[in-house]
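The next block holds one structure in the form of structure tokens; read it before the comments.
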Protein chains: 2
Amino acid sequence: MHQPDHLKNAGLKSTLPRLKVLDLFENSEERHLSAEDVYKQLLTSGEDVGLATVYRVLTQFEQAGLLVRHHFEGGKSVFELKQGEHHDHIVCMQCGHVEEFYDAAIETRQEKVATELGFAIRDHSLHIYADCTRKKCPHRR
Amino acid sequence: MHQPDHLKNAGLKSTLPRLKVLDLFENSEERHLSAEDVYKQLLTSGEDVGLATVYRVLTQFEQAGLLVRHHFEGGKSVFELKQGEHHDHIVCMQCGHVEEFYDAAIETRQEKVATELGFAIRDHSLHIYADCTRKKCPHRR
DNA sequence: ATGCAAATGATAATCGTTCTTATTTGCGTT
DNA sequence: AACGCAAATAAGAACGATTATCATTTGCAT
């Protein structure tokens, strides 16, 4: 789905590091990765990219619209492949697992509220912090 | 409204730095202040508190339930006096002004979504990033 | 194959925040 | 009012995430 063309179209040379990072997002278990995550996974796979390059590439991909950046609690940035439509997130406070959801009613209401207050929405982020019920989750009773 | 007793009740000695910080939140123009904001304002008023102390005090006040901490885009923490009920925020992308709002429908919907996905909500943050229409705002047409 | 702008990697620098430690302060007790 | 001591502070070192610098390498049009 993401061929080197995607990079070209975005005005970016198709270099090795860029292709590797893109590849990682397409084939990784976890959809949501931090710069550190990407860097470590590349090192583990024997790839040799610099951390600075990872940061640079992630930012470029964000600007090119290939990735979306999120700021979950904790401060560090997390990235995700941009595909399909907007959605919000529920983050498990125990295991860090991220689930996505979309609720039309919430979206509509936001528009309403903003309009009433005299604002023009450009973006928004809704993060629910909760306890999940996955087997892996250390919080499980 | 916030007397030194508030500190005592929270198990905190009523020291000069703590009183000053509390005072600042009660009398400041802007409801939402970062550690840096607090530090600078205190310096400007001739008060002599260390930046480390500001960070410590803010964290303590948060734990004591006197302040709430928010993470707006950009990563840095912003604090606000906790008074009254929960609310969400609209942040102007041009001038940084923060407006508060509460929408029962949005709150209800969040509970619904979380429950359906098997999560138990512990906290959430909804930030709308938009353009405001205040006179001060540099974005104004 | 050649040239050069663009991209990279290593590392220094920056920013927000926390930690460390010696000094000071609040406050209950004389 | 002075004493004592735990708690709190100030200054600066340390830290983690991210960005900037710059010499070297690479993609790619010629």
Side-chain angles (χ1 to χ4, degrees), chain A residues 3-24 32-64 66-79 96, chain B residues 3-24 32-64 66-79 96:
Chain A
Q3 300 309 306
D5 316 359
H6 283 75
L7 293 177
K8 292 245 184 63
N9 294 343
L12 298 168
K13 271 190 196 171
S14 88
T15 66
L16 242 45
R18 300 217 253 242
L19 290 174
K20 287 175 194 165
V21 170
L22 208 40
D23 208 59
L24 183 54
H32 302 81
L33 302 171
S34 68
E36 196 66 26
D37 292 338
V38 171
Y39 179 61
K40 280 187 186 148
Q41 288 211 36
L42 289 181
L43 282 196
T44 304
S45 334
E47 309 293 358
D48 182 33
V49 284
L51 180 55
T53 302
V54 170
Y55 274 102
R56 236 177 297 130
V57 169
L58 289 176
T59 302
Q60 291 162 342
F61 283 4
E62 183 198 8
Q63 286 163 352
L66 295 175
L67 295 179
V68 197
R69 182 196 300 254
H70 300 293
H71 289 100
F72 295 148
E73 222 132 276
K76 50 194 299 191
S77 293
V78 171
F79 298 82
Chain B
Q3 299 311 305
D5 317 358
H6 284 74
L7 293 178
K8 293 247 182 63
N9 294 343
L12 298 168
K13 269 192 198 168
S14 87
T15 67
L16 241 46
R18 300 216 252 243
L19 290 173
K20 286 174 193 163
V21 171
L22 208 40
D23 208 60
L24 183 53
H32 302 80
L33 302 171
S34 68
E36 196 65 26
D37 292 338
V38 172
Y39 180 61
K40 279 187 187 148
Q41 289 212 33
L42 289 181
L43 282 196
T44 305
S45 335
E47 310 292 357
D48 181 33
V49 285
L51 179 55
T53 301
V54 170
Y55 274 103
R56 233 179 300 124
V57 168
L58 290 176
T59 303
Q60 291 163 341
F61 284 3
E62 182 198 9
Q63 286 163 351
L66 294 174
L67 296 179
V68 197
R69 181 196 300 257
H70 301 293
H71 289 99
F72 296 147
E73 220 131 277
K76 51 192 299 189
S77 295
V78 171
F79 297 83

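Order of the sequence lines sets the chain letters (A, B, ...), proteins ahead of strands, with each chain counted from 1. Everything quoted here is computed from the prediction, not taken from an experiment.
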Side chains of [X] and [Y], heavy atoms from C-beta outward: is any pair under 4.5 Å?
X        : Y        : value
Lys20(A) : Leu42(A) : yes
His70(B) : Ser77(B) : no
Gln60(A) : Val57(A) : yes
Phe79(A) : Leu67(A) : yes

Expressed in angstrom and rounded to an integer, what is the separation of [X] atom [atom1] from [N] atom [atom2]?
X        : N       : atom1 : atom2 : value
Tyr39(B) : dT17(C) : OH    : C1'   : 14 Å
Arg18(A) : dA6(C)  : CZ    : P     : 11 Å
Lys20(A) : dT8(C)  : NZ    : P     : 10 Å
Leu51(A) : dT14(C) : CG    : P     : 18 Å
Glu62(B) : dT18(C) : CD    : C1'   : 14 Å
Lys76(A) : dC15(C) : NZ    : P     : 21 Å

Worksheet item: What's the shortest heavy-atom distance between Leu58(A) and Ala35(A), and which atoms?
Response: CD1-CA, 3.6 Å
Worksheet item: Taking all non-hydrogen atoms of both residues, which atom of Ser14(B) and which atom of Leu7(B) are closest, and how far apart?
Response: CA-CD1, 3.8 Å
Discussion item. Heavy atoms only, 4.0 Å cut-off, all strands: where does Ser34(B) land among base, sugar-phosphate and nothing?
Written reply: nothing
Response to the item:
Comparing Tyr55(A) with Val57(B), nearest DNA chain D nucleotide closer to 5' gives the residue Val57(B)
Worksheet item: In chain order, what residues pass the salt bridge (Lys or Arg N to Asp or Glu O under 4.0 Å) check against Glu73(A), with sequence neighbours excluded?
Response: none
Fill in: Bounds of contact between DNA chain D and chain A, in 5' to 3' order, using a heavy-atom cut-off under 4.0 Å
dA17(D) to dC28(D)
Item to complete: Step by step, work out the side chain to side chain contact (heavy atoms under 4.5 Å, CB included) result for Arg18(B) and Phe61(B).
Response: CA-CA 9 Å; Arg18(B) 300 216 252 243; Phe61(B) 284 3; 3.9 Å; yes
Worksheet, complete the sentence: Going 5' to 3' through nucleotides 24-30 of chain C and flagging B where a protein heavy-atom sits under 4.0 Å of the base, S where only the sugar-phosphate is that close, and - otherwise, we get --BS---
Fill in: Inter- and intrachain pairs under ring-ring contact (aromatic ring centres under 6.0 Å, His included), touching residues 32-52 of chain A, at least two apart
His32(A)-His89(A)
Between the protein and nucleotides 19-23 of chain C, list every N/O to N/O distance that falls short of 3.5 Å.
none

Item to complete: Could I get the full list of side chain to side chain contact (heavy atoms under 4.5 Å, CB included) partners for Thr59(A), not counting sequence neighbours?
Response: Gln63(A), Arg69(A)
Worksheet entry | Separation between CG of Asp48(A) and OG1 of Thr53(A), rounded to the nearest 0.5 Å | 9.5 Å
